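One structure is given below, encoded as C-alpha cells.
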Amino acid sequence: MGASLENHRPHEVVIVGGGFGGLYTAKALKNVKNVNVTLIDKRNFHLFQPLLYQVATGTLSPGDISSPLRAVLSKSKNTKVLLGEVNDIDPEAQHIIMGDKLIPYDTLVVATGAKHSYFGNDDWQKVAPGLKTVEDAIEIRRRIFSAFETAERETDPEKRRALLSFVIVGGGPTGVELSGAIAELAYKTLEEDFRNIDTSETRILLLQGGERILPFVAPELSKSAAESLQALGVEVYTKTRVTDIDNEIVTFKQGDQVQQISSKTILWAAGTQASPMGKILAKRTGTECDRAGRVIVEPDLSIKGHQNIFVVGDLSSFSHQNGKPLPGVAPVATQEGEYVAKLVKKRLQGRTITPFKYNDYGNLAMIGQNAAVVDVGPFKLKGFPAWLFWLFIHIYFLIEFDSKVLVMIQWAWSYLTRKRGSRLITGKESLALAKVITQQPSMESR
Ligand SMILES: Cc1cc2nc3c(=O)[nH]c(=O)nc-3n(C[C@H](O)[C@H](O)[C@H](O)COP(=O)(O)OP(=O)(O)OC[C@H]3O[C@@H](n4cnc5c(N)ncnc54)[C@H](O)[C@@H]3O)c2cc1C
C-alpha cells in the first residue's frame, strides 16, 4: 500500500460510487488524520433504493429518498465530493480516469453497484422497465398512473383490460413490494377516484421463476407472503418462466402450460448484473468476474495482486464465508465499506485486520399495509408486527444519513390514510399522453 504516516503526505483514498458501499466507506474515514478522501459519483445524491418502489407507486417523492452527497459528507472535512462518471482506471499509474481528468490514488475503492439483467433479452427492457434509479421510478410511476388515466378514456373492453393488467416479473423483494403496492393502489387508494372504470377490475400478476416468492426467507414466510399478496388481489404464479415479451403481450410458461396476457404495464424485477466497471477492472487488473459480472475479491475485499484496490457492495463477489457470493443487499455493501475503511486506517498504522466477515441480521420485505415478513435469526415475524418492524428499520436507516423525520411522518400518514400524494404523471411522454387523450373523441360524445 502506498503512503505511510511517516511520509507526511496525506494518503489519498479515491472512492468511486456514492451508494451504500461507497458512502459508508467515506463516512467511516471521516476526519481520519493524514487521509484525504475523494468520493466520485455520476449523480450528486445518494439514493435509498429500498424505498424506490414507494416513489414508483406514488407514496413518496424522489427527494424523500435521496440525500445530496455533498450535504451528507459536509462535516467530513477530509472528504471531497466530485460529480462525474469514472470511465477507466490505470492501476500501474495509480489513477482513475474521469473524462479528461486523471485522479491519482493510493487506495481505490470501487463501489459502482449493479444494473438490471434481462438474461440476454435486452429488447424486453423498453417494454418492461426495471427499478434501479430515480428515473426508473418516475417512468414506472408514469406508466402505472397513465394506464389508469387511459383506461378511464378507453371504450374498447379488450384494450381497457390490457390497460388494467399489470405484470410484474420476478418474485424477490422488489417484485413483491411493487405488486403489493399496485394492488393497494388499484383496490383501495384509487377506488373512488374514477368514474368510467372500476379499478377493482385490475389484474396484477406476479410471475416468479423459482418454487416460491422471496426465496431467501424461511419457507413458511414465503408462503405467508404469497397468501398476503393473494388476499390483496395479486395473482401469484411460481415456477413460471417468461418466454417472450412482444407487442405488450407477455408469454409465460408454468410447467407445460403456456399462457399469454396482454398488458400495457410490464415491470421487470427479475435479475441484476454488475455495473460496467466490473469489466473495466477485470481488463485492467487481470482479475476475474463471476457470471453476473461481479469482481471476485480476496478475503480482505481487495483485488488479487492489487492490495490497494478494493471492490465493495453489489459489484463485489465475496464467497469466502460460505462458498456462495454474498447477496446484493444494502447491509453487505455498508459492512464491506466500513471494513475497508478500517483496514485502510490499520494499514496506515502498519497493522492489519482479520478477513472480512458479514454479519447477516436477516431479511425483510413489505407486502402492503399491515403486512410484511421478517426473518431475523430465530425471529420469524409476519403480518402487523413484521410491518411495524419493517417501518422502524427503514425509518431508522433513512434518518441515519439525513434528517428525514418530517418526511417519514408524512409517509407514515399517507400510509395509514392510504392517500398517495405523489401520483404525478411527468416527463415528455406524459404530454404525448395528454395529446392522445385530447385528440380522441371523449367517451361521453360517442
Ligand atoms: C428497487 C430496489 C430495492 C431494494 N431493496 C432493498 C432492501 O429492501 N434491502 C436491502 O438491503 N437492499 C435492497 N436493495 C439492494 C441495495 O439497494 C443494494 O444492495 C445497494 O444499493 C448496493 O450498494 P452499492 O454501493 O454497491 O451500489 P449502489 O447503491 O447502487 O451505488 C452505486 C453508485 O455508484 C454510482 N456509479 C455507478 N457507476 C459509476 C461510474 N462509472 N462513475 C461514478 N459513479 C458511478 C451510482 O450513481 C451509484 O450512486 C434494493 C435495490 C433496489 C434496486
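These numbers come from a predicted model, not from an experiment. Numbering of ligands and ligand atoms starts at 1, following listing order.
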Next on the checklist: Test salt bridge (Lys or Arg N to Asp or Glu O under 4.0 Å) on Arg142 and Glu149; report intermediate values, then the result.
Outcome noted: CA-CA 10 Å; Arg142 184 189 70 76; Glu149 291 300 335; over 6 Å; no
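- Annotation: cation-pi geometry satisfied between Lys27 and Tyr24 (NZ/CZ under 6.0 angstrom from ring centroid, within 45° of ring axis).
- Contact shell of ligand 1 (protein heavy atoms, cutoff 4.0 Å): Val16, Gly17, Gly18, Gly19, Phe20, Gly21, Asp41, Lys42, Arg43, Gln49, Pro50, Gly84, Glu85, Val86, Ala111, Thr112, Gly113, Leu131, Lys132, Thr174, Gly313, Asp314, Gly328, Val329, Ala330, Pro331, Ala333.
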Checklist entry - Please walk me through it: do His320 and Phe356 pass ring-ring contact (aromatic ring centres under 6.0 Å, His included)? => result CA-CA 9 Å; His320 303 281; Phe356 173 71; over 10 Å; no
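- By the 4.0 Å N-to-carboxylate-O rule, Arg284 lies too far from Asp90 to be salt-bridged with it.
- Screening residues 265-298 for ring pair (Phe, Tyr, Trp, His ring centres under 6.0 Å), with sequence neighbours left out, gives Tyr118-Trp268, Trp124-Trp268.
- Relative orientation of the Trp390 and His394 rings is parallel, given thresholds of 30° and 60° on the angle between their planes.
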